[in-house]
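The first residue of the sequence shown is numbered 1, and numbering continues consecutively from there. Not measured: the values here are computed from a predicted model.
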Amino acid sequence: MWTLYELSLNIPLQTRLREELLSAAPEDLLNLPLLDAVAKECLRLTPPLQSTLRVAEKNDIIPTEDGAGVKIRRGQLIHLPLEGMNIAKEVWGEDAWEFKPDRWFNLPEPAKRSPGLVSNLMTFSIGSHSCPGVHFAIMEMKAFIAQLVCAFEFAPVPKKRILKGNVMVTRPFVAGEWGKGPQMPVLIRAYTPSPAPEA
């Protein structure tokens, strides 16, 4: 849903993605560079789960880059701001809050060192309590995007600004219409290929 919205705001990117998808064989779906970058960028910018909590099983020290570490006590709650880590400007650059899939073709050095179960992203957490269905979720996401982008064109609804509402999961709300609940209006029309030029 968020990916289609972001693509509706960037028609040239949507066109590039459609061209990549239409020129590929179905068995190559998981290896398409732009589709991969679009999926990762959406997961980076709008993770389904904004944050999670962990409980320390023992007294420990969480290592930090400066070597000082952060002391934690057994039973202490630790808040992991997944979305915050995915959009930190000191990691992803000054444009960290912008949807720019092309960043994945030349990641900033701090992003390359960033931990994450998949592609330097904290979206699926990390460690023994990370998401067990991560690879299935990404495959499903790519298949969903491919089917829809090849069949439809997406455009934004004029004068409707979509905001994120973090209510357990990240939900879309129209600015000024919170009372109507989650919604994401997007204009959709069937994709019709341009006729081939006559010889």
Side-chain angles (χ1 to χ4, degrees), residues 1-49 83 86-87 92-93 95-107 118-121 123-124 131 133-167 169-199:
M1 170 170 51
W2 286 103
T3 306
L4 299 177
Y5 173 68
E6 292 291 354
L7 290 172
S8 80
L9 300 176
N10 189 332
I11 302 303
L13 174 63
Q14 185 181 151
T15 301
R16 278 177 54 208
L17 179 59
R18 184 176 295 108
E19 288 170 356
E20 179 184 71
L21 291 165
L22 291 172
S23 67
E27 60 269 17
D28 295 332
L29 181 68
L30 299 179
N31 300 316
L32 299 177
L34 186 57
L35 176 61
D36 190 60
V38 166
K40 286 177 185 174
E41 186 69 352
C42 191
L43 290 168
R44 182 192 71 80
L45 195 60
T46 314
L49 191 62
E83 182 180 42
N86 282 352
I87 61 171
W92 296 95
D95 61 356
W97 293 9
E98 298 172 38
F99 185 78
K100 291 189 170 181
D102 287 323
R103 82 175 69 245
W104 290 94
F105 301 124
N106 187 24
L107 283 178
V118 173
S119 305
N120 315 85
L121 293 174
T123 302
F124 297 98
C131 176
V134 58
H135 297 293
F136 177 75
I138 291 172
M139 284 189 325
E140 187 176 46
M141 179 182 182
K142 288 180 177 181
F144 184 74
I145 293 167
Q147 286 294 311
L148 291 175
V149 169
C150 287
F152 301 102
E153 293 178 310
F154 302 89
V157 174
K159 300 181 182 176
K160 296 276 186 181
R161 192 165 61 102
I162 307 298
L163 304 172
K164 293 179 190 177
N166 291 313
V167 187
V169 295
T170 306
R171 297 174 193 241
F173 290 86
V174 174
E177 298 181 15
W178 290 95
K180 292 182 179 179
Q183 54 178 325
M184 184 182 285
V186 174
L187 298 175
I188 302 171
R189 69 176 182 195
Y191 168 68
T192 307
S194 300
E198 294 183 19

Checklist entry - Of all heavy-atom pairs between K164 and E83, which one has the smallest distance, and what is that distance? => result NZ-OE2, 3.3 Å
Checklist entry - side-chain hydrogen bond (donor to acceptor under 3.5 Å, both in side chains) with S8: which residues, sequence neighbours excluded? => result none
Checklist entry - Which pairs pass salt bridge (charged side-chain N to carboxylate O under 4.0 Å, His left out) with one or both residues in residues 185-195, sequence neighbours excluded? => result E153-R189
Checklist entry - If only atom types and distance count, is the side chain of W97 paired as donor or acceptor with the main-chain N or O of I87 below 3.5 Å? => result yes
Item to check | NZ or CZ of R44 within 45° of W92 ring axis and under 6.0 Å | outcome: yes
Checklist outcome for this item: Closest non-hydrogen contact found for P185 with I162 is CD-CD1, 3.7 Å
Next on the checklist: Give me the atom names and distance for the closest heavy-atom approach of T3 to C42.
Outcome noted: OG1-SG, 3.0 Å
Got a list of side-chain donor-acceptor pairs under 3.5 Å for residues 172-181, not counting sequence neighbours?
residue : atom : partner : partner atom : Å
E177    : OE1  : Q183    : NE2          : 3.0
E177    : OE2  : K160    : NZ           : 2.6

Checklist entry - Is the closest side-chain heavy-atom distance between F154 and L9 below 4.5 Å? => result no
Next on the checklist: I'd like to know whether F99 forms a side-chain contact (heavy atoms from CB on, under 4.5 Å) with L13, so could you lay out the CA-CA distance, the side-chain angles of the two residues, the decisive distance to 0.1 Å, and finally the verdict.
Outcome noted: CA-CA 11 Å; F99 185 78; L13 174 63; 3.7 Å; yes
Checklist outcome for this item: Here the pair of heavy atoms bringing L7 nearest to Q14 is O-NE2, 3.0 Å
Next on the checklist: According to salt bridge (charged side-chain N to carboxylate O under 4.0 Å, His left out), does anything in residues 1-14 pair up with another residue at least two apart or in another chain? List the pairs.
Outcome noted: none
Item to check | Pairs where residues 13-36 contributes a residue and the test ring-ring contact (aromatic ring centres under 6.0 Å, His included) is met, not counting sequence neighbours | outcome: none
Item to check | Derivation of the side-chain contact (heavy atoms from CB on, under 4.5 Å) call for L30 and L35 | outcome: CA-CA 8 Å; L30 299 179; L35 176 61; over 6 Å; no
Item to check | Closest contact, heavy atoms only, R171 versus P182 | outcome: CD-CG, 3.9 Å
Item to check | Sequence neighbours excluded - salt bridge (charged side-chain N to carboxylate O under 4.0 Å, His left out) pairs with any residue from residues 21-31 | outcome: none
Checklist entry - With sequence neighbours left out, what residues match K100 under salt bridge (Lys or Arg N to Asp or Glu O under 4.0 Å)? => result D95, E98
Next on the checklist: Does anything in residues 13-22 form a salt bridge (charged side-chain N to carboxylate O under 4.0 Å, His left out)? List the pairs, not counting sequence neighbours.
Outcome noted: R16-D102
Next on the checklist: Tell me the closest heavy-atom pair linking F105 and A37, and the distance in Å.
Outcome noted: CZ-CB, 3.9 Å
Next on the checklist: Quick one, K142 and D36 - any side-chain contact, counting heavy atoms below 4.5 Å?
Outcome noted: yes
Checklist entry - Does the side-chain contact (heavy atoms from CB on, under 4.5 Å) test come out yes or no for Y191 and L22, once each step is laid out? => result CA-CA 12 Å; Y191 168 68; L22 291 172; 3.8 Å; yes
Next on the checklist: Tell me whether Y5 at atom OH has more than 12 heavy atoms from other residues, nucleotides or ligands lying less than 6.0 Å away.
Outcome noted: yes
Item to check | Verdict with reasoning, L45 to W2, per side-chain contact (heavy atoms from CB on, under 4.5 Å) | outcome: CA-CA 9 Å; L45 195 60; W2 286 103; over 6 Å; no
Checklist entry - Considering only heavy atoms from C-beta outward, does the side chain of L29 approach that of L21 to under 4.5 Å? => result yes
